[in-house]
Amino acid sequence: VQLLESGGGSVQSGGSLRLSCSVSGYPFSSWCMGWARQVPGKEREGIATIDSHGDTAYSDSVKGRFTISQDNTTLYLQLNNLKIEDTGMYYCAAQGGYAGAWCRQQTFVHKPDFTYWGQGTQVAVSS
């Protein structure tokens, strides 16, 4: 399984970005995919997930501002109304064989427990 993120960049507070994650070699019929972010000195946090049933979940910090979606081969994260505290490295992640409650939990556990990770794309929000 290979995950490759793109779409990061620099934006002013209140602006928008769209992150993409190209997915290849993913053979699972039941799955969970998501986005996590990490800032220096802090643990990686899960912020949005989507599973093979189409159910989505968000952390409180991004709910109402970010939207996760996917098509056959690409996972997306639309980031709207960006805040300075959204600055960080954003990672795409995937897990086969899990959906439902496990997937939702990845938005509020201390460390998202995905098996597969991308290399990350940087988002910088300035005032």
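Just so you know, these numbers use all the heavy atoms, side chains as well, and skip hydrogens, waters and symmetry mates. Quick note: residue numbers are just sequence positions, from 1. The structure displayed is predicted, hence computed values, not measured ones.
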Reported [atom1]-to-[atom2] distance for the pair [X] and [Y], which is rounded to 0.5 angstrom:
X	Y	atom1	atom2	value
Met33	Ser52	CE	OG	11.0 Å
Phe66	Leu19	CZ	CG	8.0 Å
Asp51	Gln95	CG	CD	12.5 Å
Leu79	Ile47	CG	CD1	6.5 Å
Gln105	Thr49	CD	OG1	10.0 Å
Ile68	Leu75	CD1	CG	4.5 Å

Nearest heavy-atom neighbours spanning [X] and [Y]:
X	Y	value
Gly46	Pro112	N-CG, 3.3 Å
Gly8	Val123	CA-CG2, 4.3 Å
Trp102	Asp113	CZ2-O, 3.4 Å

Run the side chain to side chain contact (heavy atoms under 4.5 Å, CB included) test on Tyr91 and Gln38 for me, step by step, so that the C-alpha distance in whole Å, both residues' side-chain angles and the decisive distance to 0.1 Å come before the verdict. CA-CA 8 Å; Tyr91 297 90; Gln38 188 166 20; 4.1 Å; yes
Enclosure of [X] [atom1] (heavy-atom neighbours >12, cutoff 6.0 Å):
X	atom1	value
Gln122	CD	yes
Gln12	CD	no
Tyr98	OH	no

Going by an N to O cut-off under 4.0 Å, is there a salt bridge joining Lys83 and Asp86?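 No, Lys83 and Asp86 are not salt-bridged.
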Is there a donor-acceptor contact under 3.5 Å from the side chain of [X] to the main chain of [Y]?
X	Y	value
Trp31	Ile50	no
Arg104	Ala57	no
Gln78	Arg18	no
Glu45	Arg37	no

Is it the case that one hydrophobic cluster holds both Leu77 and Tyr116, taking links as side-chain heavy atoms less than 4.5 Å apart, direct or via other members?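 Leu77 clusters together with Tyr116.
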Is Phe28 reachable from Leu3 through a run of I, L, V, M, F, W or Y residues, each pair having side-chain heavy atoms under 4.5 Å apart? yes
Step by step, would you call Cys92 with Trp35 a side chain to side chain contact (heavy atoms under 4.5 Å, CB included)? CA-CA 5 Å; Cys92 171; Trp35 290 91; 4.0 Å; yes
In terms of relative ring orientation, are Phe114 and Trp117 parallel, tilted or perpendicular, with 30° and 60° separating the classes? perpendicular
In the structure I gave you, are the side-chain heavy atoms of Thr67 and Tyr76 within less than 4.5 Å of one another anywhere? no
Between Thr121 and Tyr90, is there a side-chain heavy-atom distance shorter than 4.5 Å? yes
Arg44 and Lys111: CA distance, side-chain angles, deciding distance, side chain to side chain contact (heavy atoms under 4.5 Å, CB included) verdict: CA-CA 6 Å; Arg44 192 173 298 186; Lys111 293 183 181 180; over 6 Å; no
